[in-house]
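Just so you know, these numbers come straight off a predicted model, no measurement behind them. Each ligand, and each atom within it, is numbered from 1 in the order the structure gives.
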Amino acid sequence: TSTPVNVTVTGAAGQIGYALLFRIASGQLLGADVPVRLRLLEIPQAVKAAEGTAMELDDCAFPLLDGVDIFDDATKAFAGTNVALLVGARPRTKGMERGDLLEANGGIFKPQGEAINAGAADDIKVLVVGNPANTNALIAQQHAPDVPAERFTAMTRLDHNRALAQLSKKAGVSVSDIKKMTIWGNHSATQYPDIFHAEIAGKNAAETVNDQSWLENDFIPTVAKRGAAIIEARGASSAASAASAAIDHVHTWVNGTAAGDWTSMAVVSDGSYGVPEGIISSFPVTTSGGKWEIVQGLEIDDFSRARIDASVGELAEEREAVRGLGLI
Ligand code: NDP
């Protein structure tokens, strides 16, 4: 058997963590023949709960799980790690100003970036799930100057999967018949799910659906506000679907996108599609050999342009805000 891959999960005792760890340990993150060693990071008050989850992981007797270590210290948790899933974050609470939210998360993601810089494995790949995910990823990346910037990504795969699900219902097709879905911008209510380049069974999705009113008044708001709808229905935020999307994100990054398809990932912009360089924004990307590339040459019409610009504008403002706070 091969050497185990070290996977660090922060916020491991949270509800996304609870849905995520068992799937990683069963082999769904990296592949059914790749042993993993889990390194769980929690704040001191939540270490005991993480220990409980580790007991349950033991009790599953997963053949691929080489071991579980629990830390309340970022430097230790990221030492030698190959894949880092940054789930723990400071959620927005009622009445909280954006500056306070960004500052609280700066206090989490700055030291984590430094710890990744100091001790992670050379092939480290980072996925940020904790919100505001794009900007948290930017903060961590800015404090890891020795790690290539492209190794820091944020999750828009749940938005992508939600868009696939909504379109499949509308068109009466299976999700696997849909290719080339795109989420642009920020993982927030301003995100833009784009079906103008998507395909259903090889034909243009927007033309197949041919319903602009559904697109504007139903599809886009349903995808963008799905998180709130889940909270309303479930009484708790989405957790299993977020964990599932995190698994998909890393699995696709490591194992590649299929020919004739792409995925959505928030990655550092090189200026493609007018997105300011350095911002971590969602794009259509292909992956191969553990590397991602932004899909080039898509035509963006005025409708899409306005929506991409709005979401990217929000990201630019968040970057200015964290600069103003001295977090980057
Ligand atoms: P969850 O596990 O439900 O969520 C964790 C983070 O994921 C939140 O920031 C949440 O953002 C975000 N998220 C991103 N996408 C989604 C989505 N689609 N649906 C739901 N959440 C999403 O939070 P819990 O409070 O249950 O657990 C958080 C854990 O993190 C706690 O155990 C806490 O102790 C820990 N923590 C650990 C830290 C560390 O390791 N250093 C630092 C801070 C916290 P949103 O709130 O916007 O939904």
S.K.: So Asp211 and Lys170, do their side chains get closer than 4.5 Å, heavy atoms only?
M.R.: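 Heavy-atom side-chain distance check passes, below 4.5 Å.
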S.K.: Could you find the nearest protein heavy atom to atom 9 (O) of ligand 1 and give me its residue, atom name and distance?
M.R.: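 Among all protein heavy atoms, the one nearest atom 9 (O) of ligand 1 is Asn131 N, 3.1 Å.
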S.K.: Using a strict cut-off of 4.0 Å, indicate which atoms of ligand 1 neighbour a heavy atom of Leu41.
M.R.: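 Once the distances to Leu41 are compared, the set is 40 (O).
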S.K.: Give the residue and atom name of whichever protein heavy atom lies nearest to atom 30 (O) of ligand 1, and the separation in Å to one decimal.
M.R.: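 The closest heavy atom on the protein side is Gly11 CA, 3.1 Å.
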S.K.: What part of Gln112, side chain from CB on, backbone N/CA/C/O, both or neither, has a heavy atom under 4.0 Å from ligand 1?
M.R.: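 The side chain, only.
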S.K.: Out of all atoms in ligand 1, which are within 4.0 Å of some heavy atom of Thr10? Include the element for each.
M.R.: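 Heavy-atom distances to Thr10 below 4.0 Å select 40 (O).
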S.K.: With a 3.5 Å distance limit and no angle check, can you tell me whether Thr10 reaches the backbone of Gly88 through a side-chain donor-acceptor pair?
M.R.: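 Present.
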S.K.: Students should be able to answer this: which protein heavy-atom is nearest to atom 20 (C) of ligand 1, and at what distance?
M.R.: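 Of every protein heavy atom, Ser238 O, 2.8 Å lies nearest to atom 20 (C) of ligand 1.
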S.K.: Is it the case that His197 and Thr182 place a side-chain donor and acceptor less than 3.5 Å from each other?
M.R.: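 Their side chains do not contain a donor-acceptor pair, so the 3.5 Å distance test is not met.
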S.K.: Numbering the atoms of ligand 1 from 1, which are under 4.0 Å from a heavy atom of Ala46?
M.R.: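 In order of numbering, the contacting atoms are 34 (O).
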S.K.: Can you tell me which residue and heavy atom of the protein come closest to atom 38 (C) of ligand 1, and the distance to 0.1 Å?
M.R.: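 For this ligand atom, the closest protein heavy atom is Ile43 CG2, 3.7 Å.
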S.K.: Just to be sure I read this right, does ligand 1 sit under 4.0 Å from the backbone of Arg157, its side chain, both, or neither, counting only heavy atoms?
M.R.: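 Neither; nothing of Arg157 gets under 4.0 Å from ligand 1.
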S.K.: Give me the residue, atom name and distance of the protein heavy atom closest to atom 27 (O) of ligand 1.
M.R.: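 Atom 27 (O) of ligand 1 sits closest to the protein heavy atom Gly14 CA, 3.0 Å.
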S.K.: Got the closest protein heavy atom to atom 14 (C) of ligand 1, with its distance?
M.R.: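 Minimum-distance protein heavy atom for atom 14 (C) of ligand 1 reads Val129 O, 2.9 Å.
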S.K.: If you measure only the distance, is there a donor-acceptor pair under 3.5 Å linking the side chains of Gln191 and Thr156?
M.R.: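 Side-chain D/A pair, Gln191 to Thr156: absent.
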S.K.: Under 4.0 Å, heavy atoms only, figure out whether ligand 1 is touched by the backbone of Leu158, its side chain, both or neither.
M.R.: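 Contact part for Leu158 vs ligand 1: side chain (C-beta onward).
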S.K.: Hey, is the main chain of Arg307 close enough, under 3.5 Å, to the side chain of Trp184 for a donor-acceptor pair?
M.R.: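 No, the answer is negative, given that no donor and acceptor are paired below the 3.5 Å cut-off.
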S.K.: Nearest to atom 3 (O) of ligand 1, what protein heavy atom do you find, and at what distance?
M.R.: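 Here the closest protein heavy atom is Gln15 CG, 3.0 Å.
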S.K.: Quick check on contacts: which atoms of ligand 1 are under 4.0 angstrom from a heavy atom of Ser237?
M.R.: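 Those qualifying, in numeric order: 3 (O), 20 (C).
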S.K.: May I ask you to list the atoms of ligand 1 that are less than 4.0 angstrom from any heavy atom of Gly130?
M.R.: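 Every atom of ligand 1 under 4.0 Å from some heavy atom of Gly130: 6 (C), 7 (O), 9 (O), 12 (C).
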S.K.: May I ask you to list the atoms of ligand 1 that are less than 4.0 angstrom from any heavy atom of Val87?
M.R.: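 Near Val87, the atoms of ligand 1 are 5 (C), 6 (C), 7 (O).
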S.K.: If you measure every N/O of Ile16 against every N/O of ligand 1, is any gap under 3.5 Å?
M.R.: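 Yes, there is a polar N/O contact under 3.5 Å.
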S.K.: Regarding Thr257 and Asp261, do their side chains bring together a donor and an acceptor under 3.5 Å, going by distance alone?
M.R.: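 No - no donor-acceptor pair under 3.5 Å links their side chains.
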S.K.: Mind checking whether Arg162 has a heavy atom under 4.0 Å from ligand 1?
M.R.: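 Flag set, Arg162 near ligand 1.
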S.K.: Please determine, by modelled atom types, if Thr222 and Gln166 share a side-chain donor-acceptor pair under 3.5 angstrom.
M.R.: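 Checked: Thr222/Gln166 side chains show no N/O donor-acceptor pair below 3.5 Å.
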S.K.: Does atom 11 (O) of ligand 1 have a protein non-hydrogen atom under 4.0 Å from it?
M.R.: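 There is a protein heavy atom less than 4.0 Å from atom 11 (O) of ligand 1.
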S.K.: To the nearest 0.1 Å, how far is atom 31 (C) of ligand 1 from its closest protein heavy atom, and which atom is that?
M.R.: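 Residue, atom and distance for the closest contact: Glu42 OE2, 3.5 Å.
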S.K.: Considering the heavy atoms of Ala89, write down every atom of ligand 1 situated less than 4.0 Å from one of them.
M.R.: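 Within the 4.0 Å cut-off of Ala89, ligand 1 contributes 9 (O), 43 (C), 44 (C).
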S.K.: Considering only heavy atoms of Pro91, which atoms of ligand 1 have at least one such atom less than 4.0 Å away?
M.R.: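 Counting from 1, the qualifying ligand atoms are 46 (O).
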S.K.: Select one of side chain, backbone, both or neither to describe which atoms of His187 lie under 4.0 Å from any atom of ligand 1, heavy atoms only.
M.R.: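 Under 4.0 Å from ligand 1, His187 contributes side-chain atoms alone.
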